[in-house]
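Chain A is the first sequence line, chain B the second, and so forth, proteins listed ahead of strands; every chain is numbered from 1.
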Protein chains: 2
Amino acid sequence: MITLTEENYIKAIYHLASNGEKTVNTNAIAAVMQTKASSVTDMIKKLSEKSYVDYKKYQGATLTDDGKRVAVNIIRKHRLWEVFLVEKLNFSWDEVHEVAEHLEHIKSDKLIDELDALLEFPSHDPHGDPIPDKEGNFKHIEKIMLAKAEAGSTYKCVGVDDTSSKFLKYLDSNSIALGTIITIKHKEPYDNSVKIAFENTEIVVSQNVAKNIYLKKV
Amino acid sequence: MITLTEENYIKAIYHLASNGEKTVNTNAIAAVMQTKASSVTDMIKKLSEKSYVDYKKYQGATLTDDGKRVAVNIIRKHRLWEVFLVEKLNFSWDEVHEVAEHLEHIKSDKLIDELDALLEFPSHDPHGDPIPDKEGNFKHIEKIMLAKAEAGSTYKCVGVDDTSSKFLKYLDSNSIALGTIITIKHKEPYDNSVKIAFENTEIVVSQNVAKNIYLKKV
DNA sequence: AAATAATTTTAGATTAGTCTAAAAATATTT
DNA sequence: AAATATTTTTAGACTAATCTAAAATTATTT
Ligand SMILES: [Mn+2]
Ligand SMILES: [Mn+2]
Ligand SMILES: [Mn+2]
Ligand SMILES: [Mn+2]
């Protein structure tokens with residue numbers, strides 16, 4: 001039996017390990033979990049005893065295969081629920097995350113398999129993130145940061161890195177959504193801002209924005 | 001802020017109060033919650049401090065208006081999720097309760113309002129129980145126990161009292177469902193069993209079964 | 001009305017998850 | 001290589017929810 005809190009720690013460790021190096025340190029987990037390092041140490045010990053993480057004192061933690069399996073399953077549930085909220089319940093992409101944080105912990109294989117079927121087995125969530133299948137396999141997609149795109153080329157918007165409500169609303173207000181076809185007009189060396197064109201519009205986005213949008217060549 | 005456990009206690013008190021007298025005693029709650037009387041006392045004190053129940057030592061508990069509001073809201077969520085599971089995710093009526101027990105605690109007004117809309121504002125759940133609206137109003141339906149139905153009359157099956165998987169599967173195996181039109185053929189005084197007819201079938205049901213099926217005259 | 005039985009509450013522990021403050025280990029600077 | 005800074009762990013305490021065992025209260029019998 002695994003608790004909701006344990007699931008959240010495992011998910012946090014998984015995300016921290018995939019965005020960078022492999023062993024995850026205590027403070028990083030504490031930051032993500034909005035808790036103190038001492039609480040993290042306690043939890044890591046517990047997860048270690050339950051064989052979800054490998055842990056040596058002062059050396060950080062890594063997920064075991066079991067731990068990864070748990071993490072991927074929660075991510076699958078989280079992203080399927082996000083699709084459900086957008087496709088069936090008229091949520092916008094900046095509203096889904098919070099509710100999905102709770103729904104992801106509901107334990108029922110039938111529930112999630114049927115939800116998957118209802119949604120017609122979506123491959124990506126509303127933010128462009130891949131949804132692992134039942135066996136935990138991700139459909140990897142070729143994507144590059146807008147900040148690294150070539151001037152003159154045309155791309156399709158396929159994802160975002162920052163999924164905060166603030167950023168997503170910024171994109172909404174500028175009519176940028178998943179699927180939007182974008183041409184890179186100019187890369188400004190001075191501040192790394194990028195001028196982009198799409199649907200009769202031309203706008204300049206800051207480097208910060210450019211680093212948080214993922215594109216795929218078309 | 002209200003915890004999941006508090007919500008479950010409030011719901012238990014609500015159900016116990018509606019099935020019978022008005023003040024609910026400690027042992028009854030303990031039985032429903034599958035816990036010990038001493039734990040119930042602690043929780044009642046807590047709920048009393050939070051003004052969800054009125055409580056005097058040794059005198060049992062009653063829900064305040066606030067407590068009732070919480071209970072009805074959880075029941076609304078529980079039943080809407082049950083409808084969702086049956087209508088959209090191919091669950092059978094004996095599979096929904098357990099999952100709904102968890103889903104009912106997800107806190108999001110938009111979630112539940114949109115779910116209500118997706119399901120086209122159902123008035124009853126898969127077991128024939130009424131679903132309160134946003135304001136907490138139940139649509140009361142006229143119904144009588146099969147055990148109290150008149151011989152010779154014809155009725156529609158509109159609900160069940162026992163919602164255990166065992167009982168619902170018994171009904172499935174005998175092709176009795178909500179909406180089934182049933183004629184009372186004979187009431188056997190010896191053991192209070194009832195011979196009923198529906199869809200070219202005649203069967204005899206025990207008193208126990210007859211007390212757990214609700215009918216409406218047609 | 002006493003005695004007995006049943007119910008409810010209290011007292012004291014336990015577990016999960018958290019915290020603060022201090023100690024220990026590791027990493028970085030000088 | 002010492003000194004200093006940072007990170008991590010330990011120690012001890014707290015809250016929520018639970019338990020067992022004993023005490024207090026209420027209900028039922030005799
Ligand atoms: Mn999310
Ligand atoms: Mn997402
Ligand atoms: Mn139910
Ligand atoms: Mn029901």
Side-chain angles (χ1 to χ4, degrees), chain A residues 1-13 16-17 19-63 67 70-71 74 101-102 104-107, chain B residues 1-14 16-17 19-63 67 70-71 74 101-102 104-105 107:
Chain A
M1 182 246 20
I2 186 165
T3 69
L4 185 149
T5 311
E6 287 167 355
E7 287 187 343
N8 282 332
Y9 271 94
I10 289 171
K11 193 175 58 147
I13 295 168
L16 286 165
N19 304 339
E21 55 302 23
K22 62 178 204 296
T23 89
V24 177
N25 50 302
T26 306
N27 274 344
I29 298 170
V32 171
M33 294 299 295
Q34 308 216 74
T35 184
K36 302 289 157 162
S38 54
S39 305
V40 174
T41 300
D42 285 348
M43 181 54 80
I44 289 175
K45 279 183 189 162
K46 203 175 141 207
L47 293 176
S48 173
E49 283 194 357
K50 291 191 172 188
S51 298
Y52 292 121
V53 305
D54 290 322
Y55 168 63
K56 274 210 209 89
K57 264 189 200 174
Y58 295 99
Q59 298 314 125
T62 53
L63 289 179
V70 169
I74 298 168
E101 281 297 310
H102 298 285
E104 71 187 4
H105 300 290
I106 306 284
K107 285 165 188 68
Chain B
M1 182 245 23
I2 185 165
T3 69
L4 185 147
T5 309
E6 288 167 354
E7 287 187 343
N8 281 332
Y9 272 93
I10 290 172
K11 191 174 59 148
I13 296 168
Y14 181 90
L16 286 166
N19 303 338
E21 54 300 23
K22 63 176 204 299
T23 89
V24 177
N25 51 301
T26 306
N27 274 344
I29 298 170
V32 172
M33 295 297 296
Q34 309 214 73
T35 184
K36 303 290 158 161
S38 54
S39 305
V40 173
T41 301
D42 285 347
M43 182 54 80
I44 289 175
K45 280 184 191 162
K46 203 174 142 207
L47 293 176
S48 173
E49 284 194 357
K50 291 190 172 188
S51 298
Y52 292 121
V53 305
D54 289 323
Y55 169 62
K56 275 209 210 89
K57 265 191 199 174
Y58 294 99
Q59 298 312 126
T62 53
L63 289 179
V70 169
I74 297 168
E101 281 296 310
H102 297 285
E104 70 187 5
H105 300 289
K107 286 165 189 66

Asker: Calculate the interatomic distance between B:Leu4 atom CG and D:dA16 atom C1'; express it in whole Å.
Answerer: 12 Å

Asker: For A:His105, check side chain to side chain donor-acceptor pair (under 3.5 Å) against everything at least two apart and list the hits.
Answerer: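 A:His105 satisfies side chain to side chain donor-acceptor pair (under 3.5 Å) with A:Glu7, A:Asn8 only.
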
Asker: Report, one pair per line, the protein and nucleotides 20-22 of chain C atoms (nitrogen or oxygen only) whose separation is under 3.5 Å.
Answerer:
from, atom 1, to, atom 2, distance (Å)
C:dT20, O4, A:Ser38, OG, 3.0

Asker: Within less than 4.0 Å of OP1 or OP2 of D:dT6, is there a side-chain N or O belonging to A:Asn27?
Answerer: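 So the side-chain polar atoms of A:Asn27 never come under 4.0 Å of the phosphate oxygens OP1 or OP2 of D:dT6.
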
Asker: Considering only heavy atoms, which members of residues 51-60 of chain A lie under 4.0 Å from some atom of DNA chain D?
Answerer: A:Tyr55, A:Lys57, A:Tyr58

Asker: Under the side chain to side chain donor-acceptor pair (under 3.5 Å) test, which residues partner B:Lys36, sequence neighbours left out?
Answerer: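 Result, side chain to side chain donor-acceptor pair (under 3.5 Å) vs B:Lys36: none returned.
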
Asker: What is the distance from NZ of B:Lys45 to C1' of C:dA11, rounded to the nearest Å?
Answerer: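 Computing the B:Lys45:NZ to C:dA11:C1' distance gives 10 Å.
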
Asker: In whole angstrom, what separates A:Met43's CE from D:dT8's P?
Answerer: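 Roughly 17 Å, once rounded to whole Å.
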
Asker: Suppose we screen for side chain to side chain donor-acceptor pair (under 3.5 Å). Which residues come up paired with B:Lys57, at least two apart in sequence or across chains?
Answerer: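 Checked B:Lys57 against side chain to side chain donor-acceptor pair (under 3.5 Å); zero matches.
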
Asker: Identify the heavy atoms of A:Lys22 and A:Ala17 that sit nearest to each other, and give their distance.
Answerer: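 Distance-wise, the nearest heavy atoms are O-CB, 3.9 Å.
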
Asker: Between atom CD1 in B:Ile2 and atom P in D:dA16, what is the gap in whole Å?
Answerer: 13 Å

Asker: Can you find a side chain N or O atom of B:Thr5 that sits less than 4.0 Å from OP1 or OP2 on D:dA16?
Answerer: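 So the side chain of B:Thr5 is outside the cut-off, no N or O lying under 4.0 Å from OP1 or OP2 of D:dA16.
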
Asker: What residues, two or more places apart in sequence or in another chain, satisfy salt bridge (charged side-chain N to carboxylate O under 4.0 Å, His left out) together with B:Glu6?
Answerer: B:Lys46, B:Lys50

Asker: Can you tell me if A:Asn25 touches the phosphate of D:dT7, counting only side-chain N or O atoms and a distance under 4.0 Å to OP1 or OP2?
Answerer: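 Checking A:Asn25 against D:dT7: no side-chain N or O falls below 4.0 Å of OP1 or OP2.
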
Asker: Distance check needed: D:dT15 P versus B:Lys50 NZ, whole Å only.
Answerer: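 B:Lys50 atom NZ is separated from D:dT15 atom P by 14 Å.
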
Asker: What is the separation between atom CG on B:Asp42 and atom P on C:dA13, rounded to the nearest whole Å?
Answerer: 15 Å

Asker: Return the OG1 to OH distance between B:Thr23 and B:Tyr55, rounded to the nearest 0.5 Å.
Answerer: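 The OH atom of B:Tyr55 is 11.5 Å from OG1 of B:Thr23, to the nearest 0.5 Å.
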
Asker: Toward the 5' end of DNA chain C, which comes first, A:Tyr9 or B:Ile44, by nearest nucleotide?
Answerer: B:Ile44

Asker: For A:Ala37 versus A:Ala30, what's the shortest heavy-atom pair and its separation?
Answerer: N-CB, 3.9 Å

Asker: Would you say that A:Met1 contacts A:Lys107 through its side chain, given a criterion of any heavy-atom pair below 4.5 Å between the two side chains?
Answerer: no

Asker: Figure out the CD1/P separation between A:Ile29 and D:dT7, and round it to whole Å.
Answerer: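 Those two atoms, CD1 and P, are 14 Å apart.
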
Asker: Considering every strand and a 4.0 Å limit on heavy-atom distances, what is the contact class for B:Thr41: base, sugar-phosphate, or nothing?
Answerer: base

Asker: To the nearest 0.5 Å, what is the distance between OG1 (B:Thr26) and CD1 (B:Ile44)?
Answerer: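 One gets 4.5 Å once the value is rounded to the nearest 0.5 Å.
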
